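Structure first, then comments.
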Amino acid sequence: MEKIKKIAVMTSGGDAPGMNAAIRSVARTCAYYKIPCLGIYRGYEGLIEGDFIELTARSVHHIINKGGTILKSARSKGFMTKEGRKQAYENLKAQGIDAMVVIGGDGSFTGAVVFNEEFNFPILGIPGTIDNDIFGTSHTLGYDTALNTAVEAIDKIRDTASSHNRLFFVEVMGRDAGFIALNAGVGAGAEEILIPEENLGLERMLESLKKSKRAGKSSSIVVVAEGDKSGKNVYELAKYVEENMPEYDVRVSILGHMQRGGSPSCFDRVLASRLGVKAVELLLEGKTNLMVGLKDNEVIATSMEEAIKGGHSINMELLRVSDIMTT
Ligand code: F6P
């Protein structure tokens, strides 16, 4: 395998706090090893359009603390086509780029695996999504920040819920995964937590709310993951409870995209810095098709295929803790 002479980096899929810190880390590690680094705008979309920018150690200054991504992000339809990927490859070659770091989620890694198969192009992945739903890392970039954002918001909702003796349904992000809901729910002391991985059932939810009412609780918070499988959306859930527990004044709050923004937590900044260094160093060692991640506070590498297919498992112990805490 030929020596890597130029590396490009992109952010792809839903943005996440810490992506900028990872871009900075990739650019600075390249500078450290005296390898030119290019940024690709708008993920695979910008790659197809040939939208590059030179990244130097200095040009990535003052971004470690910024939310969003300076390279912008997109979910690309063009990259799903063979012609799109061919154009992307030609653009990389025209720029003399011989390896790429993709910061994103499972959709972005799926694209990377296909691209590598077709063109044998070296790619390293850095997991960046607030959902934390990627195998091969205990934490994805942005997850810790999003958790703290959600907890802060739920704390505020609790203030008003308690003043008015109300029951609030708070929807948090997580299309397919309940990590944010479960952890923010336990962290904010929610009464019930509804996640896609475990369908509590409407009856049990009602029973639990009735139990807490009997136990003397005057207000409650139910945290619902966006992808919850109860069969009802958060407004329908609220209506259902209102109909069955008329003694409760019910309100709904959807936290939405605010969970994706904001300055990254220290944890996410440190994680981004560590993963960026490792991604570049692995590429320079001739490794490809790997995703870097965190396990037992060590940076490890997992094959990208495994990271996509491995699935994610929720911490059952935490569900149990949540049950006990609502006694
Ligand atoms: O994957 C991250 C995520 O924030 C999910 O939790 C959410 O369902 C989705 O992205 C929203 O995507 P979009 O910003 O395209 O609406």
Side-chain angles (χ1 to χ4, degrees), residues 10-22 41-46 67-69 71-80 102-112 125-154 169-185 187-188 193-198 223-235 237 252-265 268 271-272 291 293 304 307-314:
M10 68 157 75
T11 47
S12 168
D15 65 348
M19 280 185 163
N20 279 328
Y41 279 116
R42 288 169 292 108
Y44 294 118
E45 207 59 24
T69 155
L71 291 177
K72 302 191 183 285
S73 194
R75 303 187 205 270
S76 172
K77 289 220 167 63
F79 201 72
M80 291 179 186
V102 173
I103 307 167
D106 54 356
S108 311
F109 295 157
T110 305
I126 295 181
T129 162
I130 63 164
D131 290 354
N132 204 41
D133 57 349
I134 296 183
F135 179 82
T137 188
S138 60
H139 290 75
T140 55
L141 287 184
Y143 170 55
D144 181 67
T145 306
L147 268 186
N148 286 305
T149 302
V151 166
E152 202 183 319
I154 300 169
F169 278 84
V170 183
E171 185 188 279
V172 297
M173 272 189 164
R175 204 172 14 204
D176 308 305
F179 287 97
I180 297 181
L182 184 55
N183 285 272
I193 303 168
L194 308 187
I195 54 174
E197 293 84 350
E198 200 219 38
V223 174
V224 186
E226 201 184 350
D228 148 61
K229 298 278 189 291
S230 66
K232 291 189 185 293
N233 70 33
V234 70
Y235 289 106
L237 279 174
V252 170
S253 184
I254 296 179
L255 301 188
H257 285 77
M258 68 173 288
Q259 295 160 93
R260 287 241 294 258
S263 179
S265 64
D268 275 327
L271 179 63
M291 183 200 82
M304 251 200 256
I308 301 161
K309 294 197 192 113
H312 64 269
S313 51
I314 209 83

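All values derive from a computational prediction rather than experimental measurement. Along the sequence shown, residues carry numbers from 1. One-based numbering, in listed order, for ligands and for the atoms of each.
- Checked by atom type and distance alone, the side chain of E171 never pairs as donor or acceptor with a backbone atom of V234 at under 3.5 Å.
- Judged by the shortest distance from any of its heavy atoms, G174 lies inside the 4.0 Å radius around the atoms of ligand 1.
- Taking each of R260, R75, R175, E226 in turn, the one with a heavy atom nearest to atom 4 (O) of ligand 1 proves to be R260.
- The aromatic rings of Y44 and F79 sit parallel to each other, their planes meeting at less than 30°, with 60° as the upper class boundary.
- In this structure, the side chain of Q259 engages the main chain of M173 through a donor-acceptor pair within 3.5 Å.
- Contact annotation: H257 has at least one heavy atom less than 4.0 Å from an atom of ligand 1.
- Using modelled atom types and a 3.5 Å distance limit, the side chains of T69 and D15 yield no donor-acceptor pair.
- In terms of protein heavy atoms, atom 1 (O) of ligand 1 is closest to D131 OD2, 3.0 Å.
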